[in-house]
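Note sheet for the following structure.
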Amino acid sequence: MGRNVLVTGGAGFIGSHVVDAYLAAGDTVTVVDDLSTGRRAHVPAAATLIEADVRSEPVREAIARGGFEIVNHHAAQIDVRRSVADPVFDASVNLLGLLNVLQGAQAGGVRRVVFASSGGTVYGEAAAPPLDETTPKFPASPYGTAKLAAEYYLAAFARLYGREVVALRYSNVYGPRQDGHGEAGVVAIFARQVLEGEPLTVFGDGEQTRDMVFAHDVAAANLAASNASLPALSDLDACAFNIATGLETSVNQLVAAITRAGMTAEGGKGGKPTSQVRYAPARPGELRRNALAVDKAALVLGWRPRTTLADGLRLTIHALAED
């Protein structure tokens, strides 16, 4: 018998891949999503969709009464730039939304909460990459600050009520279903521009680095975090795990790799390689360098990334070309 699982944000980019992973494992899945950025088409017919704001009373009641063993929390405001421009909205979704979910989880006797945190923003730049989970936390944006505060709320919830909690600190996730017209997700944005023959805009000099991890690998990490035996919650980092590759890729390298992948894209529009790259001023709140060590996730969760950047970009562009 599979478990009864609820996934908030399960119609979104990452959340929908997580839903697929739970269903493939034989679990029963309910999705909560207000469809403000998620798409109904991303929710499989085998899952139940509750269309509601994660901050709302109906969501809290649904969790309290749903008999869920696991709650996986992906509903979020994900744009670092929007968090800088409107930190109150960012905190409303990313903190009040979490607290609403946690209240429902406590009332409903949920055994484990798996939380999508952000290793790309909670650490800041106090140390040289790759950063492990014990790296000092010093976020450079309201978004990262809210994610770190959310981890503290999770830990308090676990200590108060004896629940199990896991924080997965993602690096830069990319893959099929990412919005190529949105404000977040550089791979999807660049891939769409390459496929449509548009010039690419790079903010800063392009030498800033990111740790690019494929969405299917992230979904596998969520399944591992739902299954693994967890250590005692001795401090904030005890049940937190970096989900990444440990490798730095510069934005300029990413542009070149996406252009190559776009040239060989099959189906759909095909690739229209462009040599037009425009450079614009760097944006506030964004990191210069980032990569995350994944040794702890390998040791405790039994998880490692499996998808190379070249293969992940090929699969992403192929999916975007067919969309």
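The figures here come from the full heavy-atom set of this structure, side chains too, leaving out hydrogens, waters and symmetry mates.
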Kindly say whether [Y] contributes a backbone atom to a donor-acceptor pair with the side chain of [X] at under 3.5 angstrom?
{"X": "W303", "Y": "I243", "answer": "no"}
{"X": "H17", "Y": "P176", "answer": "yes"}
{"X": "T316", "Y": "G312", "answer": "yes"}
{"X": "D179", "Y": "G38", "answer": "no"}
{"X": "D211", "Y": "S171", "answer": "no"}
{"X": "N4", "Y": "G66", "answer": "yes"}
{"X": "N242", "Y": "A244", "answer": "no"}
{"X": "T135", "Y": "L131", "answer": "no"}
{"X": "Q276", "Y": "G197", "answer": "no"}
{"X": "K296", "Y": "A238", "answer": "yes"}

Answer whether the closest heavy-atom distance between the side chains of [X] and [Y] falls below 4.5 Å.
{"X": "E133", "Y": "V122", "value": "no"}
{"X": "V110", "Y": "I70", "value": "no"}
{"X": "V294", "Y": "T245", "value": "no"}
{"X": "R40", "Y": "H42", "value": "no"}
{"X": "F214", "Y": "T308", "value": "no"}
{"X": "N72", "Y": "L6", "value": "no"}
{"X": "V186", "Y": "L254", "value": "yes"}
{"X": "N172", "Y": "V213", "value": "no"}

Given the side-chain rings of H74 and Y170, with only the six-membered ring counted for Trp, is the space between their centroids under 6.0 Å? yes
Output field: ring centroids Y153/F157 closer than 6.0 Å: no
Applying the 4.5 Å side-chain criterion to the ILVMFWY set and letting contacts propagate, would [X] and [Y] be lumped into a single cluster?
{"X": "I78", "Y": "V88", "answer": "no"}
{"X": "V166", "Y": "V218", "answer": "yes"}
{"X": "L309", "Y": "V251", "answer": "yes"}
{"X": "V84", "Y": "F89", "answer": "no"}
{"X": "L49", "Y": "L23", "answer": "yes"}

Look up atom [atom1] in [X] and atom [atom2] in [Y], then write down how far apart they are to the nearest 0.5 Å.
{"X": "N252", "Y": "D205", "atom1": "CG", "atom2": "CG", "answer": "7.0 Å"}
{"X": "R278", "Y": "T201", "atom1": "CZ", "atom2": "OG1", "answer": "6.0 Å"}
{"X": "I189", "Y": "L320", "atom1": "CD1", "atom2": "CG", "answer": "11.0 Å"}
{"X": "I50", "Y": "E61", "atom1": "CD1", "atom2": "CD", "answer": "11.5 Å"}
{"X": "T209", "Y": "Q253", "atom1": "OG1", "atom2": "CD", "answer": "9.0 Å"}
{"X": "L301", "Y": "L168", "atom1": "CG", "atom2": "CG", "answer": "7.0 Å"}

Ring-face cation contact, F13 with R177, 6.0 Å cut, 45° max: no
R260/I258 under side chain to side chain contact (heavy atoms under 4.5 Å, CB included): CA gap, chis, key distance, verdict: CA-CA 5 Å; R260 288 194 299 271; I258 290 172; over 6 Å; no
If I compare all heavy atoms of [X] with all of [Y], which pair ends up nearest, and what's the gap?
{"X": "A261", "Y": "I317", "answer": "CB-CD1, 3.5 Å"}
{"X": "G119", "Y": "L292", "answer": "O-CD2, 3.5 Å"}
{"X": "S118", "Y": "T121", "answer": "OG-OG1, 2.7 Å"}
{"X": "P130", "Y": "A293", "answer": "CB-N, 3.7 Å"}
{"X": "D33", "Y": "G10", "answer": "OD2-N, 3.6 Å"}
{"X": "A146", "Y": "L95", "answer": "O-CD2, 3.3 Å"}

For the residue pair F115 and H73, does the interplanar ring angle fall in the parallel (under 30°), tilted (30 to 60°) or perpendicular (over 60°) class? parallel
Y152 atom OH, neighbour heavy-atom count above 12 within 6.0 Å: no
Are more than 12 heavy atoms from other residues, nucleotides or ligands located less than 6.0 Å from atom CZ of R159? no
Any side chain to side chain donor-acceptor pair (under 3.5 Å) involving residues 93-112? Give me the pairs, sequence neighbours left out, ordered by first then second residue. R60-N100, E69-R111, D90-N94, Q106-R163, R111-E164, R112-E164
Start with the C-alpha gap between V202 and V255, add the side-chain angles, then the distance that decides, and say whether side chain to side chain contact (heavy atoms under 4.5 Å, CB included) holds. CA-CA 9 Å; V202 173; V255 167; 4.0 Å; yes
Paired with V31, the side chain to side chain contact (heavy atoms under 4.5 Å, CB included) test is passed by just one of V5, V43, T48, namely V43
Distance-only polar pair, side chains of [X] and [Y], donor-acceptor under 3.5 Å:
{"X": "T134", "Y": "D132", "answer": "yes"}
{"X": "N290", "Y": "E248", "answer": "no"}
{"X": "Y22", "Y": "S226", "answer": "yes"}
{"X": "R55", "Y": "S92", "answer": "yes"}

Residue pairs meeting ring-ring contact (aromatic ring centres under 6.0 Å, His included), one or both in residues 118-145, sequence neighbours left out, come to none
How far apart are the C-alpha atoms of D34 and V54, what are their side-chain angles, what is the distance that settles it, and do they pass the side chain to side chain contact (heavy atoms under 4.5 Å, CB included) test? CA-CA 7 Å; D34 65 1; V54 73; over 6 Å; no
Answer yes when D27 and R3 have at least one side-chain N-carboxylate O distance shorter than 4.0 Å, and no when they do not. yes
Are E151 and R169 ion-paired here, with the side-chain N under 4.0 Å from a carboxylate O? yes
Show the numbers, then the answer: is there a side chain to side chain contact (heavy atoms under 4.5 Å, CB included) between L102 and V113? CA-CA 8 Å; L102 291 180; V113 176; 4.3 Å; yes
Evaluation steps, salt bridge (Lys or Arg N to Asp or Glu O under 4.0 Å), between E198 and R192: CA-CA 8 Å; E198 297 179 1; R192 179 189 62 79; 3.3 Å; yes
